[in-house]
Amino acid sequence: MTLKLNPKGLSIFSKLKGLSVKKYNIESELPFFLLYLWSIATARIPRTYIFKFASEKRVFKDISSFFMKIRILTEGWRYEHALACEAVGKESPSKVFRELLSRMARSIRSGEPFELFMSREYNNFIASYSEDRERMMGKLKHLSDAYVSVLSSATFICLITLMLGLLYSLETMLPLAVLVTATISTTLIMFSWVMFNVARPDEVLAKGETKPFKRKILNLIGIISIITSSFPIIIMTSVSYHPFYGAAFSGFPLLVAGLLGKRYVAKVKRCEDFYPFFLRQVASICAAKVPVKTALKDALNVNYGPLNNPIKRLYSKLNFRIDSTIAWWSFETEVDSELIRRVNGIFVDVLQRGGDVSEVSRMLESLYFIYTTIRRQRYQVVSYLTGIVVPLHIAMCGVMAVVGGFFSLLTTFSSVAAVASPITLTLPIEFIDIYFLLMIIVFSINNAITLYSVEGDSRFTLIFYIGLLLTCGSLIYNFVNQATSNYLFSILTG
């Protein structure tokens with residue numbers, strides 16, 4: 001009997017997944033995009049040009065695609081802007097964005113100035129955005145406590161399953177172990193998904209197609225570590241029966257690759273710490289109608305930490321009369337921060353379109369502060385969750401090791417006693433070891449996914465925690481298992 005996959009079912013699942021990702025990306029870009037529309041509107045340019053600029057802004061590619069459709073309807077099919085907004089809004093998977101386009105259509109019909117409408121929309125959105133995020137952080141803390149409770153119970157469920165399986169045959173233990181493992185993993189994954197939807201983290205690293213050379217190297221190291229991580233456990237299990245040492249060596253390359261990636265992300269975060277001061281200085285000078293190149297020349301005299309070299313290269317490009325759009329794009333690519341990429345994209349467009357630099361820079365700083373404050377609040381929950389999950393994971397591996405060591409000693413003692421007694425006790429020690437190894441791998445992956453779902457800085461976080469939990473858990477299991485066996489054997493023989 002062959003298993004046939006339903007292409008229609010897979011198509012529906014793929015479509016739902018795509019809509020979910022699209023909705024998440026739209027709502028992630030929305031606060032910055034609203035400020036962008038307002039910033040461009042301060043230049044007092046026609047609404048047609050504002051929609052044109054919005055449709056071409058690649059840093060907001062998920063929202064820009066909808067404005068491109070509006071532009072096609074208005075320019076190609078001669079729709080009115082209000083009617084085009086309503087028609088395109090119906091296709092949006094995000095209710096928030098759909099309602100925004102509906103209100104925009106009503107505002108256009110009423111003849112309200114676009115700048116006034118966007119100012120009101122942005123201020124209302126930011127007020128509710130801050131309150132909603134703060135409330136979600138409290139909910140995330142409660143979900144973290146619930147996750148820890150479920151994770152603690154999972155160890156005892158595994159041990160109870162093993163005890164029940166030992167009462168029956170190996171044929172019964174195998175499907176029971178697979179069922180319990182799949183159930184625990186699915187439950188933890190569901191918790192991770194719920195926590196991700198509440199946390200709604202944004203990646204720190206830029207999402208642009210062009211990446212710095214150092215990041216490309218780190219991505220390559222990450223891929224190589226993932227490919228090579230399966231070799232040690234396969235080799236050490238098949239050649240010499242040391243599966244837990246194999247698991248530890250399998251996690252080590254992931255740990256190293258993840259650590260290098262996290263150091264790179266930390267450097268990008270330092271750039272984000274200095275960027276508001278750089279933005280304030282350049283904006284204050286440009287607000288006095290001074291050229292950008294002069295403002296950047298003055299910025300060279302100030303220490304902006306890791307931003308110093310990117311600022312020098314930006315000034316050099318402008319000094320050599322390289323197109324300002326290309327020069328600023330190169331600066332954003334080198335810094336490699338999605339937050340700086342969004343904010344800087346708004347600021348540069350205001351400089352080029354002739355908007356109110358002073359007012360826009362003030363609002364950019366305010367949004368920057370709100371965004372980073374929410375991120376720091378989320379990091380507090382991440383620290384709390386990490387401080388519980390990692391030690392708990394190691395403790396769970398130690399508990400399983402004690403049980404494994406007891407069964408190993410019991411089998412050894414039974415074989416010795418079998419010489420004087422016809423009663424023997426045979427336990428599938430190799431199966432028990434493989435079962436515990438499987439649970440360590442499952443717990444490591446699930447816990448790493450949960451921590452990544454809440455933090456969300458980069459995929460290096462996921463690789464790092466898988467490597468850390470797998471390496472530490474396997475080494476602790478092997479050490480505690482041997483120590484327990486030796487200690488109990490010395491008691492029985494001493």
Side-chain angles (χ1 to χ4, degrees), residues 22 25-71 81 85 88-89 92 94 96-101 103-104 107-108 112-130 202 206-208 272 275-276 279-280 282-283 286-287 292 324-325 328-329 331-332 335 337-372:
K22 187 82 171 178
N25 291 337
I26 288 173
E27 294 179 356
S28 171
E29 296 173 356
L30 194 54
F32 298 93
F33 188 78
L34 288 174
L35 182 54
Y36 173 73
L37 289 180
W38 181 19
S39 303
I40 298 300
T42 60
R44 304 293 198 280
I45 58 179
R47 186 173 57 244
T48 303
Y49 287 100
I50 295 176
F51 278 54
K52 177 178 180 294
F53 297 148
S55 66
E56 296 172 350
K57 199 64 179 173
R58 298 307 302 164
V59 70
F60 307 117
K61 62 180 182 179
D62 289 283
I63 296 182
S64 294
S65 61
F66 287 95
F67 275 79
M68 179 60 74
K69 294 178 182 179
I70 294 175
R71 185 180 169 189
H81 276 103
C85 288
V88 172
S92 171
S94 170
V96 179
F97 184 62
R98 188 163 57 245
E99 291 176 349
L100 169 67
L101 290 179
R103 290 192 298 272
M104 186 180 292
S107 174
I108 293 172
E112 181 183 22
F114 193 73
E115 180 184 357
L116 181 60
F117 168 74
M118 288 311 309
S119 174
R120 184 179 66 251
E121 283 294 320
Y122 173 75
N123 289 323
N124 292 341
F125 179 86
I126 286 299
S128 61
Y129 177 78
S130 302
D202 283 330
K207 301 177 183 177
E272 293 178 346
Y275 179 78
L279 174 66
R280 185 183 305 145
V282 175
C286 291
V292 179
S324 61
T325 303
W328 281 105
W329 169 82
F331 169 79
E332 295 165 7
V335 175
S337 165
E338 182 65 15
L339 176 58
I340 293 178
R341 183 167 169 255
R342 290 175 177 178
V343 173
N344 200 70
I346 298 172
F347 179 67
V348 172
D349 264 26
V350 170
L351 290 175
Q352 294 176 345
R353 314 299 179 194
D356 189 342
V357 176
S358 178
E359 178 66 16
V360 170
S361 64
R362 184 179 66 82
M363 298 308 299
L364 282 172
E365 278 195 66
S366 175
L367 178 58
Y368 201 99
F369 175 76
I370 292 171
Y371 185 87
T372 51

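Each residue takes its place number in the sequence, starting with 1. Worth saying up front: this structure is predicted, and the values here are computed from it rather than measured. Note that these values count all heavy atoms, side chains included, but never hydrogens, waters or copies made by symmetry.
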So which heavy atom on [X] is nearest to which on [Y], and how close?
X: Ile346; Y: Phe32; value: CD1-O, 3.3 Å
X: Ala41; Y: Ile50; value: CA-CD1, 3.9 Å
X: Glu112; Y: Ser107; value: OE1-OG, 2.7 Å
X: Gly345; Y: Glu332; value: N-OE2, 3.7 Å
X: Ser94; Y: Glu27; value: OG-OE2, 3.0 Å

[X] [atom1] to [Y] [atom2] distance, which is reported to the nearest 0.5 Å:
X: Ile370; Y: Glu365; atom1: CD1; atom2: CD; answer: 12.0 Å
X: Phe97; Y: Asp62; atom1: CZ; atom2: CG; answer: 10.0 Å
X: Leu339; Y: Thr372; atom1: CG; atom2: OG1; answer: 7.5 Å
X: Trp328; Y: Asn344; atom1: CH2; atom2: CG; answer: 5.0 Å
X: Lys69; Y: Ser55; atom1: NZ; atom2: OG; answer: 13.0 Å
X: Leu279; Y: Leu364; atom1: CG; atom2: CG; answer: 6.0 Å

*Decide yes or no on side chain to side chain contact (heavy atoms under 4.5 Å, CB included) for Arg103 and Cys85, but give the supporting numbers first.*
CA-CA 9 Å; Arg103 290 192 298 272; Cys85 288; over 6 Å; no
*asked:* Between Arg362 and Glu359, does any side-chain N to carboxylate O distance fall below 4.0 Å?
replied: yes
*Salt-bridge criterion met for Lys207 and Glu29 (N-O under 4.0 Å)*: no
Would you say that [X] contacts [Y] through its side chain, given a criterion of any heavy-atom pair below 4.5 Å between the two side chains?
X: Val335; Y: Tyr275; value: no
X: Ile26; Y: Phe66; value: yes
X: Val343; Y: Leu367; value: no
X: Phe53; Y: Ile45; value: yes
X: Asp202; Y: Glu338; value: no
X: Leu30; Y: Tyr129; value: no
X: Ser65; Y: Lys22; value: yes
X: Tyr371; Y: Pro31; value: no

Does [X] use its side chain to pair, donor to acceptor, with the backbone of [Y] at less than 3.5 Å?
X: Thr42; Y: Asp356; answer: yes
X: Ser361; Y: Arg280; answer: no
X: Asn123; Y: Ser119; answer: yes
X: Tyr368; Y: Glu272; answer: yes
X: Ser64; Y: Lys57; answer: yes
X: Ser92; Y: Val88; answer: no
X: Ser130; Y: Ile126; answer: yes

*asked:* I'd like to know whether Met104 forms a side chain to side chain contact (heavy atoms under 4.5 Å, CB included) with Met118, so could you lay out the CA-CA distance, the side-chain angles of the two residues, the decisive distance to 0.1 Å, and finally the verdict.
replied: CA-CA 9 Å; Met104 186 180 292; Met118 288 311 309; 4.2 Å; yes
_Residues in side-chain contact (heavy atoms from CB on, under 4.5 Å) contact with Arg58, at least two apart in sequence or another chain_ = Lys61
*Parallel under 30°, tilted from 30 to 60°, perpendicular over 60°: which one fits the rings of Phe33 and Phe67?*
tilted
_Test side chain to side chain contact (heavy atoms under 4.5 Å, CB included) applied to Val357 and Phe347, step by step_ = CA-CA 8 Å; Val357 176; Phe347 179 67; 4.0 Å; yes
_For Ile70 and Leu101: C-alpha separation, side-chain torsions, deciding distance, then whether side chain to side chain contact (heavy atoms under 4.5 Å, CB included) applies._
CA-CA 10 Å; Ile70 294 175; Leu101 290 179; 4.3 Å; yes
*Is Arg342 close enough and on-axis enough to Phe60, meaning under 6.0 Å and within 45°, for cation-pi?*
no
*For side-chain hydrogen bond (donor to acceptor under 3.5 Å, both in side chains), just list the numbers for Gln352 and Ser324, CA-CA rounded to whole Å, side-chain angles, deciding distance to a tenth of an Å, and then say yes or no.*
CA-CA 9 Å; Gln352 294 176 345; Ser324 61; 3.2 Å; yes
